[in-house]
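Inspection log for the structure reproduced underneath, given as structure tokens.
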There are 2 protein chains.
Amino acid sequence: MLTLRQRSILKAIVETYIATAEPVGSKALSGKYNFGVSSATLRNEMAELIAQGYLEQPHTSAGRVPTHQGYRLYVNELMNGYSLTPDDSAELKNALRLKIARYDKLTEELGQVLSRLTNYAAVAAAPKLSSGRTIRRIDVIPCDGQICVLLVVLGNGVVRDRMITVAEKPSTAALYDFLATVNGMLVGLEPSAVTVGHLKALNEAARYGCGDIMAQLTDFLTELAEASGEMEIATAGEGNLLSYPEYRDPDKAKELFGFLNDADNVEWLPMPGDAPVVVRIGAENPAGPLQNASLMVTGCSLGGGYRGYLGIVGPTRMDYSRLAARLSFFARGLSAVLGEAVNAPAEEDKEKGDEEHGRAREETT
Amino acid sequence: MLTLRQRSILKAIVETYIATAEPVGSKALSGKYNFGVSSATLRNEMAELIAQGYLEQPHTSAGRVPTHQGYRLYVNELMNGYSLTPDDSAELKNALRLKIARYDKLTEELGQVLSRLTNYAAVAAAPKLSSGRTIRRIDVIPCDGQICVLLVVLGNGVVRDRMITVAEKPSTAALYDFLATVNGMLVGLEPSAVTVGHLKALNEAARYGCGDIMAQLTDFLTELAEASGEMEIATAGEGNLLSYPEYRDPDKAKELFGFLNDADNVEWLPMPGDAPVVVRIGAENPAGPLQNASLMVTGCSLGGGYRGYLGIVGPTRMDYSRLAARLSFFARGLSAVLGEAVNAPAEEDKEKGDEEHGRAREETT
DNA sequence: TTTTAGCACTCTGTCTCCCGGAGTGCTAAT
DNA sequence: ATTAGCACTCCGGGAGACAGAGTGCTAAAA
């Protein structure tokens, strides 16, 4: 229902608005781009675009601003795939040399890197470590005094530990027996698959001063089981948003900051299955404070079949094309690095697809 | 050199300025407090306070604002010890029921709690886990495929782990021998005390396919040794600052945010030995972006002889008295909880000193 | 029928001016 | 030493003026 010319006008408007943050008028537009038509014609076309809901006017006699719908059309059909410049990809690749020594700080570190890379607020999410992994080994290591360490090693090299205190230390032999029993029964199960029956049986085996340990192990396993399937989410770089005129009002900024920092709430983060990059523009977001912000999210493989998610939060007036390209490139690079850490595959197909990272998949509406 | 009356006038000015964020004039002051003197006299005294550097005027014919020096005197000598209300202490105690299941997220979680509790930006610092602890046990746990997990258990129940990949898996027996040798040689040492000699000797012992593991263990130990003595630092709740008029200018806010989030830099955080609460006001801070902010820091015991630090960052116009009280109470409570987790002492002396948390120790100048 | 030129109109943002209010410094009287 | 009084200063907010950018509409041109 939009003519070709209308589409290219919309595209031009979105792009200049993204660049300037100011309503764009017909004259300025016809000066910058060369449509071969006069500003009057542009005005007529813009009027039509307003009628169809792609643009709006802050007030009569102001320039035009894209609506959510306008951005959406832009993202879905209009915007160019962005070619990363050599500088871009060098920068991104460089950022990928991050240390992932500590798996449990992965989300935080990724968030920080990503926010620095994009100059927006970033979000990173990964399944909690125990999620869906089977128990490989349970161990108890006595330390100083009454302290012991409980260790649960899960699939893919994930280790969870917990410090406990015991009333009295079991003998080495008793501990050995205890561990043999426990491991015999629980290895191979997921924490969530440990039943009351298992625990009861183990409790009986836990004589000779291991009862105390058993109780705390039960707690620990329960906790691991409960964390299964949950996502851990970290945000970073909120401060970057203060640069953008949209967030110069500290109250707005504060609202969004507060929302992003409320780590308990993950509902707002889409977790795309296979779309390269999911974009949610303004009102498309379910959560209130995001309704005048935009969110871009992409998934990445964390190795071992686990998926993490990387995203960017910013004003609706975002450089979607460029950011989608960077986000997607970064996520793919990360997948390669993490996949490599686990599966050690050959990796040198990185160069081949640099151009076509830019196209974002439309959000299912 | 200040008369008693001047001191109480300064006190009144600081307190009303803290409450209102607006320059306080002689008339308003004489209306609110009852000094038994007229506003003219107040003016004379205020002029003297300006001459001595405790106050300043944004411009002629405006009210007065405390200088850093004024705040300093207030904090050192003028302010009342703040009595926590029952609500206060209930709230604080409640916050102490936080989960400290994951020692390695301690700083982040504490920072978040503290910022929520105070409505300022908060900072928490703790020594990196490996700092100064001896090796209790080293273990290697084979997982799926070529993945193994390297475990190093340190004193006080601190566990560090690392995922590694090996070219080929050693046999169970070889691994057993290898671990026996490694543990025999390294247990009881601090990671930083492991010498090249040790490693060389171990390398020779690492036959039967364990060479790969040994190399990665060496890396890991080196890393642990290097982290010794370093502090880990986390900030949280920067967004809270946006509420205060001092940070309504997004550029100011951004500068401070950026600074606080630069985790590499810890120079700016004082780590008091025994002072209840250290206060650094404005220009007393070494770091640029903090020079028009204030910082309150207190230490707390993390158990096992380790000390962490908790702090608050905000505008110089802070409610020092109240915050010092809360900070100190929180830190003491935390010390009790963490001390208990490690040493399990009796703890019920908590109630006794609620009144005198408020007095902050002067910064050594 | 589509495009364009022209024109009158509207709205914003900025600048200036103005004024009330709060506060000061000084002087003279208490 | 204190106070009352007074003239002066400065900020902040509101009213008015104005330039600039942009619009909608109409009538002419293609």
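Numbered from 1 within each chain, the chains take letters A, B, ... in sequence-line order. Below, all heavy atoms of this structure are taken into account, side chains as well, without hydrogens, waters or symmetry copies. Every value quoted in this text rests on a predicted model; they were computed, and no experiment measured them.
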In terms of side-chain heavy atoms of [X], which of [options] is nearest?
| X | options | result |
| --- | --- | --- |
| B/His59 | C/dG25, D/dT23, D/dC10 | D/dC10 |
| A/Thr41 | C/dC26, C/dC11, C/dT4 | C/dT4 |
| B/Met46 | C/dA5, C/dT24, D/dT23 | C/dT24 |
| B/Ser26 | D/dT23, C/dT24, D/dG22 | C/dT24 |
| A/Ser61 | D/dG22, D/dA4, C/dT3 | D/dG22 |
| A/Arg43 | C/dT24, D/dT23, D/dA4 | D/dT23 |

### Task
Pick base, sugar-phosphate or nothing for B/Ala47, based on heavy-atom distances below 4.0 Å to the nucleic acid.
nothing
Length of the [atom1]-[atom2] vector between [X] and [N], whole Å:
| X | N | atom1 | atom2 | answer |
| --- | --- | --- | --- | --- |
| B/Lys27 | D/dG5 | NZ | C1' | 10 Å |
| A/Glu56 | D/dT23 | CD | P | 14 Å |
| A/Leu55 | D/dG22 | CG | C1' | 14 Å |
| A/Leu42 | D/dG24 | CG | P | 12 Å |
| A/Arg5 | C/dT1 | CZ | P | 16 Å |
| A/Asn44 | C/dT2 | CG | C1' | 10 Å |

### Task
Run the salt-bridge test on B/Asp249 and B/Lys254 with the 4.0 Å N-O cut-off and return the result as yes or no.
no
### Task
On DNA chain D, check which nucleotide each of B/Glu45 and B/Pro58 is closest to and give me the residue with the more 5' one.
B/Glu45
### Message
Less than 3.5 Å apart, any donor N or O on the side chain of B/Ser294 or B/Tyr320 sitting next to an acceptor on the other?
### Response
yes
### Task
Check each of B/Arg72, B/Arg7, B/Lys11 against B/Glu77 using the side-chain hydrogen bond (donor to acceptor under 3.5 Å, both in side chains) test, and report the only one that passes.
B/Arg7
## Note on the structure
In A/Glu45, A/Glu48, A/Gln52, the residue satisfying side-chain hydrogen bond (donor to acceptor under 3.5 Å, both in side chains) with A/Gln6 is A/Glu45
### Message
I want to check something: taking the side chain as every heavy atom from C-beta on, are A/Leu290 and A/Leu256 in contact at a cut-off of under 4.5 Å?
### Response
yes
### Query
Is the shortest side-chain N/O distance from B/Ser38 to OP1 or OP2 of D/dT2 below 4.0 Å?
no
